[in-house]
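Following: one structure in C-alpha cells, then a few remarks.
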There are 2 protein chains.
Amino acid sequence: MLTTERHQLILALLKEQGTIKLQDLVEQMNASESTIRRDLVQLEEMKALKRVHGGAALFKQKGLEPSINEKKHANHVEKQQIGKLAASYIDNGDCVYLDAGTTILEMIPYMKEKNVTVLTNGLMHLPLLMEADIKTFLVGGKLKIATNAIVGTQAVQFLSDYRFDKCFLGMNGIHPDYGLTTPDPDEALLKMRAIQLSNKSYVLADRSKLFETTFARVGSIEEVTIITDANDEEAVLSLRKHSNVKVVTP
Amino acid sequence: MLTTERHQLILALLKEQGTIKLQDLVEQMNASESTIRRDLVQLEEMKALKRVHGGAALFKQKGLEPSINEKKHANHVEKQQIGKLAASYIDNGDCVYLDAGTTILEMIPYMKEKNVTVLTNGLMHLPLLMEADIKTFLVGGKLKIATNAIVGTQAVQFLSDYRFDKCFLGMNGIHPDYGLTTPDPDEALLKMRAIQLSNKSYVLADRSKLFETTFARVGSIEEVTIITDANDEEAVLSLRKHSNVKVVTP
DNA sequence: TTTGAATGAATGATTTTGAATAAAAGTGAT
DNA sequence: ATCACTTTTATTCAAAATCATTCATTCAAA
C-alpha cells in the first residue's frame, strides 16, 4: 500500500469517526505499527490531525469551532428550540446585534437566507456566521478569554456607533422584581447599551434562568421580550401573570 | 507500446483509482521499470500527476481536505524563522499591533512572557494569543471571510483610538521604488493607519515577496524595517544597497 | 551509415519499512 | 498519594524497496 494511500485512508476514517485508535489502523491496513505511527507523525506535521495517546484525533480547529464544544453543553436541545424561535422574529433585511453565548449561537443556522446584517461580540459565532455566508461585523475591544467574547469600555463605545432593528441577548438571571442580571459587569454594560440601541430586544434563556438573579443588572424585564422553553412550566406561567412581561415559548 | 499510449493509460488508471503503484504499471504494460519511471517524470513535468514514493497520485485527491491546511502552512519553516526574529524586537511591556496573516501568526509562540499588550485584526491569531495568555484587544469592523481578518472603515476608525510602540505587518509586495503593496485596498488602509500610529513598524515577508508589487499601496519602504529570511539571497543584498532601506534576517 | 531518441539493465544512493529495545505514559490496586 | 503492571511511544538499526544516474543497445528516420 502506498504511503499517500494510507494517509488518505487515515484522514477519511478520521473525518468519519472524529478519533481513531492506532491499533485499529494497524489492523485495517496491511502495515506495521511503526509505519502507521510514522504516518501519524507526518500527518500531524502537516496539521492534518492531532496525535493523542493511543491514536489520533481531528485537529482542533482554531479553538473557535463551536460544533465540538456544542455537544458538551447541557440543554442543547432546549437551546436549539429557543434559537429557532428567536430566529423566526428576524425579518428580511434586518440589522441585528447578536450577544455572545451558546444559546444565541443556536439561532445562526436558522438565520440563513434572511438577508440579515449581524453585529456581534461573540467569537464563537464566527465560524457559523461565515458558513451561513451572513454579512458580519465584529465588535472591537478587549478579549475575554473565558467566554470568547469581546467586552469592555471600548466595546461599549464601538457599539454606540450602530443602531439595530433587533438585538438578541443571553442572560443568566431573569426576575420580575430584580430585572435582568448577568455575572460580569463588563458584559452587563454591553447588553445594556445594546438594548438602548435596538428598536426591539429579545432575551434568550432556558428555564433554569427564570427567577434567578446574578451580580450585575442589565435592565428591567419590561424592556425586552423573553424567549424561553418550557411552555407549561410553573415559572413561565408565573412570569406571564405580570401584566407587562412578554414571554414567548416554542 | 507507444510512449503516448502509456501516458494515456497511466492517466486513465490514475483517474480511476486516485493513486497507482509503479510496480502495478510495470506489470500492466509491457515495459521496464525505467521506462515507466521516465513516463512518470514526464507526466509530472506536465503537471498531469504528482509523483510519490512508490508510484504516483492525482494532484487533486478526492476528499483530501488537509491539502488546504498544508497550503496554509507553505513555507512554514521560513515563516517560523521570521516570526521568531520579529518577536525578538518586542520589549517587555510593549503595546503592539499584530496584522492578520500566517507569517505574523508565527510570532505569537515567541511572545510569551513578554508582558505585552496586543491589538489585532486577525481572528486566526486568537487561539494562540489565548493560549499564550496574552492581554488581547480585537479590532472592530467588517469580517472578511477569505482571510479571517477584520477590515473596513470601521476598523480604521477603531484603530485610530490607539497608539502602539510597534506594529508588525504582513505584506505581499515589497519594492524599493514602488514601496509596500497588498492586494486588498481595505487592508492597505488599515496597514497604513497602523504604521501612522506606531513608533516603529516592522514588515514581515518571506523572500518571495521581495521586489514584487501588488495592487494597493500601503506606504514607502523607508518607513518600516523589513524582516525576511534568506540572508545571502541576491534580492536581500540588492535591497540592502539602498541606503535608507532597513532589512534584517535571521 | 549516422544521428538521435527511446529503452532496458546495472549501479549505488536514498527512502521506507518492520522489528527490537528502552523510555514514557496511562491504569488500577493497595 | 505510591507502587507494580500494562500499554503506548520514541529511538535505533538493518533489511527491503524505491529512486536517480549512467551506459550500452535498439530502432527508426535522415
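Below, read A as the first sequence line, B as the second, and so on, with proteins coming before strands; counting in each chain starts at 1. Because the structure is a prediction, the values reported are computed rather than measured. Below, all heavy atoms of this structure are taken into account, side chains as well, without hydrogens, waters or symmetry copies.
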Counterpart residues, salt bridge (Lys or Arg N to Asp or Glu O under 4.0 Å), relative to Glu44(B) (two or more places apart): Arg51(B)
What string of B, S and - do you get for nucleotides 6-19 of chain D 5' to 3' if you count protein non-hydrogen atoms under 4.0 Å? --SBS-------SB
Identify all pairs in which a protein N or O lies below 3.5 Å from an N or O of nucleotides 24-26 of chain D, and state each distance.
none

Heavy-atom side-chain proximity of Thr120(B) to Asp99(B) below 4.5 angstrom: no
Decide yes or no for Thr136(B) and Leu119(B): does some side-chain heavy atom of the first lie under 4.5 Å from some side-chain heavy atom of the second? no
Residues in side-chain hydrogen bond (donor to acceptor under 3.5 Å, both in side chains) with Thr103(A), at least two apart? none
For Tyr178(B), ring pair (Phe, Tyr, Trp, His ring centres under 6.0 Å) partners two or more places apart: His175(B)
Excluding sequence neighbours, so at least two apart, what forms side-chain hydrogen bond (donor to acceptor under 3.5 Å, both in side chains) with Thr35(A)? Ser32(A)
Less than 4.5 Å apart, side chain to side chain, heavy atoms only: is that true for Thr19(B) and Val52(B)? no
Tell me the bend of the helix from dT1(C)-dA30(D) to dT30(C)-dA1(D) as the angle between end helix axes, each from five pairs, rounded to the nearest 10 degrees. 30°
Taking salt bridge (Lys or Arg N to Asp or Glu O under 4.0 Å) as the definition, give me every residue that meets it alongside Lys144(A), ordered by chain and number, with sequence neighbours left out. Asp184(A), Glu187(A)
Arg6(B) vs Arg6(A), nearer the 5' end of DNA chain C by closest nucleotide: Arg6(B)
Please list all pairs passing the salt bridge (Lys or Arg N to Asp or Glu O under 4.0 Å) test where one or both residues lie in residues 114-139 of chain B, with sequence neighbours left out. none
Please tabulate, for side-chain N and O atoms in residues 85-92 of chain B, each donor-acceptor pair with protein atoms closer than 3.5 Å (sequence neighbours left out).
unit_1, atom_1, unit_2, atom_2, d
Ser88(B), OG, Leu85(B), O, 2.5
Asp91(B), OD2, Lys166(B), NZ, 2.9

If you walk 5' to 3' along DNA chain C, what is the first nucleotide with an atom under 4.0 Å of a heavy atom in chain A, and what is the last? dT17(C) to dG26(C)
Within 6.0 angstrom of Asp177(B) CG, more than 12 heavy atoms from elsewhere: yes
Could you check whether any side-chain heavy atom of Val224(B) comes within less than 4.5 Å of a side-chain heavy atom of Lys246(B), counting everything from C-beta outward? no
Got a sec, which pairs hit salt bridge (Lys or Arg N to Asp or Glu O under 4.0 Å) with one end in residues 23-38 of chain B, sequence neighbours left out? Glu33(B)-Arg37(B)
Hey, which of these two, Ala31(B) or Asp39(A), hits DNA chain C nearer its 5' end, going by closest nucleotide? Ala31(B)
